[in-house]
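All remarks here apply to the structure that follows.
In listed order, ligands and their atoms are each counted from 1.
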Amino acid sequence: MSGHGTPIPMTSHPCGPLTGTAEVPGDKSISHRSLILGAMAVGETRISGLLEGEDVLDTAKAMRAFGAEVTDHGGGEWSVHGVGVGGFAEPDQVIDCGNSGTGVRLIMGAMATSPITATFTGDASLNKRPMARVTDPLALFGTQSVGRNGGRLPMTIVGAADPIPVRYEVPVPSAQVKSAVLLAGLNAPGKTVVIEKEATRDHSERMLAGFGAEITVEDTDEGRVITLTGRPELKPQVIAVPRDPSSAAFPVCAALITPGSDVLVPGIGLNPTRAGLFTTLREMGADLTYENEREEGGEPVADLRAKYSPNMKGISVPPERAASMIDEYPVLSVVAANATGTMMMGGVKELRVKESDRIDAMARGLRANGVTVDEGDDWWSVEGLGIGGVPGGGICESFLDHRIAMSFMVMGMGAKKAVSVDDGGPIATSFPIFEPLMTGLGAKLLRDNRPV
Ligand code: S3P
């Protein structure tokens, strides 16, 4: 597969204790939204702690192409001089969103109700992913789109010149779809209503309120009903991006399966719509504690302490928890292989349309390293081999998926033999400091693919 230049094979060797402090980068979801909402506000938004991964940098470039002034001040400090709701200019080049589904889907929503046309593309992974889930609701506003192969990128979006507000029930649990509709609703007159049956991450709702939009959220028998009043003047904000719980998952899970480990991961957002992995790990018997619990920028935050946990047990993860840990199933399956008993993960059909088909990608790599996996359309299960029981010694494909690559690197740390991936290049999309951070804790990561 192409898309990230020359593949970077990587091998993770079994290692001794992981110890120290893991300062993971800023939250990817909040970083994208900070740039996009900053570009739609009037005046200068200041952002600190922005994730400087490829996904977010592609969104920064896109916001420039739509007319916002985006400046990198160094050290994670950025500013965005916004053009106001409805103020986007028509880009004169194709918008390349790289590997990022969040980037492309949210930007499509943000431009969909302005009288401009834009063409979007991405890498080999993104160009396979379904976009109709976003363009279907955008069509209700009056937006037109033409894409490839049943709604795939490259795709051209013709924004609605005279948009009408919509009422839309999101058919799949997806914060990206919800957010695309809300961002489109910003430039439609009147009230746009989005209904979701299962709660998904609520950063868009929180941040829209922070930027001064009129937005209400009600829990009803129909589900969560979100009502946004269109055509607000968004006020620029000062945003401190919290550290990403989805990135924290890697040092946390690595510590749980690597003998003698004790790792502190400070300042992690524990928003209930994101924290499902940590609840699940604790139910499995992980020695994972929350220290210094506090509130920062309206979000619950804690320092996570993860210690080697030799007695974890596989459980059945409640399907209704899936949305709150959707990006964490790959690394959870690695922990499950180091627990005893069967780990059952149901209600996870969405895993099949992420950066890769994550059930298939993990099943292949786990099997190549001696772990038994069973799977159906919307579930999968992993047979635990007990702590340190994973044979390892296999080479896994990462399928242009950062989380698949990092999960297998974690697996090698606690396995009997090293584990390799064919391409660790995609890790730079969300966690550019993964290698130095993990080796700083004691991991043995090498840039080669010689597992034994
Ligand atoms: C995201 C939503 C999730 C998640 C992705 C980030 C977001 O995708 O997998 O990594 O920032 O809104 P879906 O909305 O497709 O579930």
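Atom 12 (O) of ligand 1 has its closest protein heavy atom at R33 NH2, 2.7 Å. Counting only heavy atoms of the protein, atom 11 (O) of ligand 1 lies nearest to S29 OG, 2.7 Å. Nearest non-hydrogen protein atom to atom 4 (C) of ligand 1 is D327 OD2, 3.3 Å.
Interface atoms of ligand 1 facing I326, defined by a heavy-atom separation under 4.0 Å, are 9 (O). Using a 4.0 Å cut-off to heavy atoms of T102, the atoms of ligand 1 that qualify are 1 (C), 5 (C), 6 (C), 7 (C), 11 (O). Atoms of ligand 1 found under 4.0 Å from any heavy atom of S174 (numbered from 1 in listed order, with element): 13 (P), 14 (O), 15 (O), 16 (O). Heavy-atom contacts of R201 reach the following atoms of ligand 1: 1 (C), 2 (C), 4 (C), 6 (C), 7 (C), 11 (O), 12 (O) (cutoff under 4.0 Å).
The shortest N or O to N or O distance between V177 and ligand 1 is not under 3.5 Å. For ligand 1, the polar-atom distance check finds no N/O of R133 at less than 3.5 Å from any of the ligand's N/O atoms.
Taking the six-membered ring where the residue is Trp, F431 and F250 present tilted rings, their angle falling between 30° and 60°.
By the 6.0 Å contact criterion, CD on E214 is open, its count of non-hydrogen atoms from other residues, nucleotides or ligands being 12 or less. Summarising the local packing, CD of Q93 is surrounded by 12 or fewer heavy atoms from other residues, nucleotides or ligands at distances under 6.0 Å.
T258 pairs by the side chain to side chain donor-acceptor pair (under 3.5 Å) definition with nothing, not counting sequence neighbours.
Annotation: the span from E355 atom CD to L126 atom CG amounts to 8.5 Å, rounded to 0.5 Å.
Of the charged side-chain nitrogens involved, at least one lies within less than 4.0 Å of a carboxylate oxygen, so that R367 and E375 count as a salt-bridged pair. Using a 4.0 Å cut-off between charged nitrogen and carboxylate oxygen, K349 and D377 count as a salt-bridge pair.
Here atom 8 (O) of ligand 1 lies nearest to K354 when heavy atoms of K354, H402, E350, E355 are compared.
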